[in-house]
Chemist: 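This is the structure I have questions about; it appears just below.
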Amino acid sequence: IYIFLVFLIIGSLCADNNDIVINEIMNDPSGNDGNREWVEIYNSGNSSVDLTGWRFWENDTNHTFSANMGDLIIEAGEYIVIADDPSVFLTDYPDYSGSLIDSNWVSLKNSSGEEIGLKDSSLTLIESFTYTVSLTDEGHSLEKKHPLLPCSESSSFAEGPENGTPGEINSTATNITLYVKTTGNDSNDGYSWTEAKQSIQAMLDIAWSGDTILVENGNYNITSEIDFGGKDIQLASDDGTHSTYEDATKNQSNCTIDAGNNSRVFYFHNSETSSAIIDGFTITGGNTDSGGGGIACYSSSPTITNCAISG
């Protein structure tokens with residue numbers, strides 16, 4: 001059996017719940033599909049979300065959630081599987097140890113495709129997409145390459161391995177470039193200049209280690225320190241040496257991060273390595289009683305390049 005998934009965003013997204021994404025789908029297990037289908041969700045945000053009252057939406061039906069293993073709190077960075085039948089799922093995946101949600105449905109279609117999605121406790125549609133026939137082999141899951149990529153683009157997904165990767169980072173996971181600009185909006189996903197976020201910290205909170213964050217030239221005023229949170233991310237201005245901007249001048253004066261004497265500017269304290277990079281900024285206005293007003297590093301060794309630090 002062959003399937004292809006074409007994705008459409010339907011409905012609007014809630015600010016907090018937008019962090020919960022459908023990350024992997026097993027709609028056509030090898031052999032008999034009966035009660036063996038599952039969907040994996042992922043919390044790409046920086047805080048936990050209570051899934052009590054949420055629904056898996058399929059066949060125009062709201063399928064309820066009940067905890068089978070663990071609870072209905074999905075922590076930041078956590079993967080949770082929603083299974084058609086948890087007992088059958090655990091027979092197929094005996095080593096799975098994460099939280100497991102029971103949300104019984106009849107069957108996910110393999111030939112004609114259908115729309116599936118997630119609804120929050122107010123029954124607001126968080127995200128949805130429609131899959132139709134194509135070239136994904138039977139027994140292979142469909143994986144999202146990065147949680148911040150839009151469901152509206154089929155290129156955001158790829159065929160996973162046989163039996164899938166429930167509860168783990170996807171085998172097709174890839175790093176991407178994310179975007180911040182002064183006129184952005186922190187409710188945006190950040191995956192393009194059009195969808196750029198406004199806050200550097202908001203983008204760091206949901207980026208993966210290995211991602212690149214490009215910051216449009218301008219002035220960024222902050223009221224609390226910027227924290228990479230242990231992630232090795234490249235943070236570069238338009239004019240940074242790591243920028244992909246064709247006309248980059250390598251002039252750090254074009255992009256300023258100003259703490260306004262409210263806090264230090266950057267704080268590294270979670271074992272970030274030299275792959276955590278700050279590139280192409282003027283860093284100013286830092287203030288702290290414990291030293292390192294511009295950049296403080298504790299048990300970390302980030303790379304600072306093409307930057308100017310002033311009082």
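Just so we're clear, the structure is a prediction, and the values are computed from it rather than from any experiment.
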Chemist: Could you pull out all residues at least two apart from N287 that satisfy side chain to side chain donor-acceptor pair (under 3.5 Å)?
Modeler: none
Chemist: Roughly how far apart are I73 CD1 and S99 OG, rounded to 0.5 Å?
Modeler: 9.5 Å
Chemist: Taking a hydrophobic cluster as the set of Ile, Leu, Val, Met, Phe, Trp and Tyr residues connected by side-chain heavy atoms closer than 4.5 Å, whether directly or through intermediates, do I22 and F65 fall within one such cluster?
Modeler: yes
Chemist: For Y298, which fellow cluster members are found when Ile, Leu, Val, Met, Phe, Trp and Tyr are connected by side-chain heavy-atom distances below 4.5 angstrom, either directly or through intermediates?
Modeler: Y267
Chemist: Which residues satisfy the ring-ring contact (aromatic ring centres under 6.0 Å, His included) test with Y93, sequence neighbours excluded?
Modeler: W38, F89
Chemist: Is the backbone of G160 close enough, under 3.5 Å, to the side chain of H140 for a donor and an acceptor to pair up by distance?
Modeler: yes
Chemist: Do any N or O atoms from the side chain of E127 and from the backbone of L118 form a donor-acceptor pair under 3.5 angstrom?
Modeler: no
Chemist: Taking salt bridge (charged side-chain N to carboxylate O under 4.0 Å, His left out) as the cut-off, I'd like each qualifying pair that reaches into residues 211-228, sequence neighbours left out, listed once.
Modeler: E225-R264
Chemist: Out of curiosity, S141 OG to D28 CG, how far, rounded to the nearest 0.5 Å?
Modeler: 11.5 Å
Chemist: Does I101 reach the side chain of F56, with side-chain heavy atoms less than 4.5 Å apart?
Modeler: no
Chemist: Only distances under 3.5 Å count here; give the side-chain donor-acceptor pairs of residues 74-83 to other protein atoms, sequence neighbours excluded, each with its distance to 0.1 Å.
Modeler:
from	atom 1	to	atom 2	distance (Å)
E78	OE1	E75	N	2.7

Chemist: Under 4.5 Å between any side-chain heavy atoms of I200 and I222, yes or no?
Modeler: no
Chemist: Got a donor-acceptor contact below 3.5 angstrom from the K145 side chain to the A158 backbone?
Modeler: no
Chemist: Judged by atom type as modelled, is there a donor-acceptor pair below 3.5 Å linking the side chain of K181 to the main-chain atoms of W193?
Modeler: yes
Chemist: Closer than 3.5 angstrom, by distance alone: can the side chain of T303 be matched with the main-chain N or O of S274 as a donor-acceptor pair?
Modeler: yes
Chemist: Quick one: does Q234's side chain have a donor or acceptor within less than 3.5 Å of a partner on S275's backbone?
Modeler: no
Chemist: With sequence neighbours excluded, what pairs up with Q198 under the side-chain contact (heavy atoms from CB on, under 4.5 Å) test?
Modeler: D186
Chemist: So, does T212 use its side chain to make a donor-acceptor pair with the main chain of T177 at under 3.5 Å?
Modeler: no
Chemist: Restricting to side-chain contact (heavy atoms from CB on, under 4.5 Å), what partner residues turn up for S171, sequence neighbours left out?
Modeler: E143, P161, T165
Chemist: Does E37 reach the side chain of P29, with side-chain heavy atoms less than 4.5 Å apart?
Modeler: yes
Chemist: Whether the side chain of Y220 engages the backbone of S199 through a donor-acceptor N/O pair (distance < 3.5 Å, no angle test) should be reported.
Modeler: no
Chemist: Please list all pairs meeting salt bridge (charged side-chain N to carboxylate O under 4.0 Å, His left out) that have one or both residues in residues 82-102, counting only residues at least two apart or in different chains.
Modeler: R36-D92
Chemist: Roughly how far apart are C255 SG and N219 CG, rounded to 0.5 Å?
Modeler: 8.0 Å
Chemist: Under the side-chain contact (heavy atoms from CB on, under 4.5 Å) rule, collect the residues that match up with K231, sequence neighbours excluded.
Modeler: S209, I233
Chemist: What residues form a ring-ring contact (aromatic ring centres under 6.0 Å, His included) with H63, not counting sequence neighbours?
Modeler: none
Chemist: Under 3.5 Å, side chain of N185 to main-chain N/O of S187, donor-acceptor pair present?
Modeler: yes
Chemist: Got a sec, which residues hit side-chain contact (heavy atoms from CB on, under 4.5 Å) with A276, two or more places apart in sequence or on another chain?
Modeler: F228, D232, F268, E272, P302
Chemist: Could you list the residues that satisfy ring-ring contact (aromatic ring centres under 6.0 Å, His included) with F266, not counting sequence neighbours?
Modeler: none
Chemist: Hey, can you tell me if Y42 and W208 have their rings parallel, tilted or perpendicular (30° and 60° cut-offs)?
Modeler: perpendicular
